[in-house]
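Just below is one structure, and these are the notes that go with it.
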Protein chains: 2
Amino acid sequence: MRISALAAEAGLPIATVKFYLREGLLHPGVATSATQATYDDSHLRRLRVIRALTGPVGLSVQQTRMILGLIDDPGDDLYATLGRAVGALPPTVDTRAASDDDPDPFPRARAALEALGQVYDPSFAAVAQLEAALEAVDAAGMPISDDRLLEYGRHLREMAVYDLERMPPEPNAAVEYTVLGTALYEPVLLALRRLAHQDVASRRDLGA
Amino acid sequence: MRISALAAEAGLPIATVKFYLREGLLHPGVATSATQATYDDSHLRRLRVIRALTGPVGLSVQQTRMILGLIDDPGDDLYATLGRAVGALPPTVDTRAASDDDPDPFPRARAALEALGQVYDPSFAAVAQLEAALEAVDAAGMPISDDRLLEYGRHLREMAVYDLERMPPEPNAAVEYTVLGTALYEPVLLALRRLAHQDVASRRDLGA
DNA sequence: CATGATTGGATAGTGATACTCTCTAATATT
DNA sequence: AATATTAGAGAGTATCACTATCCAATCATG
C-alpha cells in the first residue's frame, strides 16, 4: 500500500499523513527505494486512533504523541503508566502548586477522595485536575455538595470496577485497553450524560 | 469598582477584561463619564464563570458567549434551551448528515438509545456527538459492547435523575443550574472517573 | 490647579497549533 | 519516452485567545 492508498483509505489528505509521519505519530513505512515506501494495516489502524484522539477526544498532537508513546512502549507498571497517560489528557493543569513546599496543595480534591474512601496520591495528575475543576465550580458559584460528590463518585467507581474487570490479561493489551479506554470512552460518556439529562428532563414535562 | 479593581479581584490582566467586554462575554459597566465606568459584583461573578468555562470546561470564546447568552436570555422551554446549550459544548460535531435526506443519520446512537430505553431525537446535538464518539471508538478498534453501553447508560441516568431532582424551582435559576451544571460538572466527572480507575487499579495490585 | 495615573475604545501584534502547500530529485507506471 | 507519484524538507496559512500600544479624555492628589 502506497501513501496515496493509505491516505485514501483513511479519508485524509496525503499532506496530513505526511504531517503525522513528520510529527512521529505514525511510524514510517518500509522504504522500497529512495522515493517510495509501503504501508500496511498497522498504519491504517494507527491513523484511525490518531483521528479519534485528536478529534472527539480533543487531544493536541503533542498529547496524542505522548499517549501513543505509552501504548507503544509501556513501562512494566500499569498503575504508573495509567498515571502518565492521564497526565497527558485534557484539561491540562499546571501542577505548580505541587512543586512548592505546599503541605496541602489539593485540599478540595483530598477532602473529596477521603469522603469517597479512595486513595489520595498528590502526584497523580487527575488529582490536580479534580482540584482545578472543583475550584472552578466553586468560583463560578455552583459548588458541588458533598452529597453530590458521593453520588457521582459512587457511580463512577462502579463503572471503573466494570471496566477493570474486563481488562485483557496480557500486559501490553491491558495497557492499550486502559489508556485508550480512558481517553476514547470519555466523549461517549459525556454524550450519554447529556442525553440522560435530556431524557429525564423530557419525562418530567419541564418545558413551557 | 473600576476596571483595575475588577481585574485585580478576578486575578486577570486589564487587557483580558477589556477583551471579554469587546467580545460581549462581559456586560459593560455603568459609564460615569467618557473615560470611566464602574463595575460591581455581577461583573466579578461573570468573570469567574467565564474563566471556568474557557478554562477547565475548555470552551472557546464563541461557545462561551453562546452558553452565557442562553443563561441571560433563556427561552421559555427548558428542554429546548438545554438542547441549544449542549449544542455549544465540545466536542463540536458537524451535523452535515442530518441536513441531508438521510433516513437514519445516527444509526449507532439510535441503537444505543433504544437499548437504553431513552428518547431518540436526531435534532439534539448530543445525538450527533454520541454518533461521532461511537464511530471514533469503533474506528480506533475499541468498540463499546452493548453491555458496556447499558452499564454506562444506567449509571449516567441515575446521576441525571439525582441532578434534576435538585433543580431549583424558579425557571431562570433552573436554566442556569441545568446549563451551567451540565458544562461545569463535566471536568469534575472526568477527573473522578480517572481517579476511580486509578483507585480500583491500585487495589488490584496491577503493577509490576 | 498642575501633573501624573487611569480609563474607554480602537487597532494591531503575538505565539501556539494543526495543518496545507510547494518544491526537488528520484523513481514508478503506462 | 512521457506522465504520475513519492519522500523529505521548508515555508505558508488560518484560527484563536489573548496582549500590547495609542490616544484623547478624565481622575486623583498634593
Side-chain angles (χ1 to χ4, degrees), chain A residues 1-40 43 46-47 49-68 88-92 94 136, chain B residues 1-40 43 46-68 88-92 94:
Chain A
M1 201 194 258
R2 299 190 300 185
I3 200 174
S4 55
L6 176 64
E9 288 271 334
L12 294 173
I14 292 178
T16 303
V17 175
K18 285 185 170 187
F19 170 70
Y20 292 146
L21 283 167
R22 231 180 311 153
E23 291 293 321
L25 302 190
L26 183 64
H27 47 295
V30 178
T32 60
S33 81
T35 62
Q36 217 97 138
T38 58
Y39 304 86
D40 56 29
H43 295 88
R46 176 59 78 107
L47 279 178
V49 172
I50 292 170
R51 292 306 280 191
L53 291 177
T54 59
V57 179
L59 299 192
S60 69
V61 165
Q62 194 184 135
Q63 292 164 333
T64 303
R65 182 168 36 231
M66 162 107 202
I67 296 278
L68 293 174
L89 258 35
T92 307
D94 57 339
Chain B
M1 202 196 267
R2 298 190 300 183
I3 200 173
S4 56
L6 176 65
E9 288 270 338
L12 293 174
I14 293 179
T16 303
V17 175
K18 283 186 174 186
F19 171 70
Y20 292 146
L21 283 167
R22 231 178 309 147
E23 291 292 322
L25 302 190
L26 182 65
H27 46 293
V30 178
T32 59
S33 81
T35 63
Q36 218 96 136
T38 58
Y39 304 88
D40 57 29
H43 296 89
R46 177 59 77 107
L47 279 178
R48 294 197 165 122
V49 173
I50 292 170
R51 292 304 281 190
L53 292 177
T54 59
V57 180
L59 298 193
S60 69
V61 166
Q62 194 186 133
Q63 291 164 335
T64 304
R65 181 168 36 230
M66 163 107 204
I67 296 279
L68 293 175
L89 258 35
T92 307
D94 57 340

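In what follows, chains carry the letters A, B, and so on, assigned in the order in which the sequence lines appear, proteins first and then strands, with residues in each chain numbered from 1.
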Find which nucleotide of DNA chain C each of A:Pro13 and B:Gln36 is nearest to by heavy atoms, and output the residue with the more 5' nucleotide.
B:Gln36

So, do B:Leu68 and B:Arg65 sit near enough that their side-chain heavy atoms are less than 4.5 Å apart?
no

Between B:Pro90 and B:Leu59, what is the shortest heavy-atom contact and its length?
CD-CD2, 3.0 Å

Reckon A:Arg65 touches a base, only the sugar-phosphate, or nothing at all at heavy-atom distances under 4.0 Å?
nothing

Whole angstroms only, please: what is the CD1-P distance between B:Ile14 and C:dT6?
8 Å

I need the minimum non-hydrogen distance between B:Leu21 and B:Leu26, along with the two atoms involved.
CD2-O, 3.5 Å

Which pair of heavy atoms, one from B:Gly29 and one from B:Ala37, lies closest together, and at what distance?
C-CB, 4.1 Å

Specify the residues of residues 18-35 of chain B, ordered by number, for which at least one heavy atom lies under 4.0 angstrom from an atom of DNA chain C.
B:Lys18, B:Arg22, B:Ala34, B:Thr35

Counted 5' to 3', the first and last nucleotides of DNA chain D within 4.0 Å (strictly under) of a heavy-atom of chain A are D:dT6 to D:dA11

In sequence, state the C-alpha distance, the side-chain angles, and the governing distance for A:Thr64 and A:Glu23, and then conclude on side-chain hydrogen bond (donor to acceptor under 3.5 Å, both in side chains).
CA-CA 10 Å; A:Thr64 303; A:Glu23 291 293 321; over 6 Å; no

For A:Gln36 and A:Ser33, indicate whether the former's side chain and the latter's backbone hold a donor-acceptor pair under 3.5 Å.
no

The reported gap from CD in B:Gln63 to OG1 in B:Thr92 (rounded to nearest 0.5 angstrom) is 4.5 Å

Mind calculating the distance between CD (A:Gln62) and P (C:dC19) to the nearest angstrom?
14 Å

Reading DNA chain D from 5' onward, which residue's closest nucleotide shows up sooner: B:Arg51 or A:Ile3?
A:Ile3

Any side-chain donor paired with an acceptor under 3.5 Å for B:Tyr39 and B:Arg46?
no

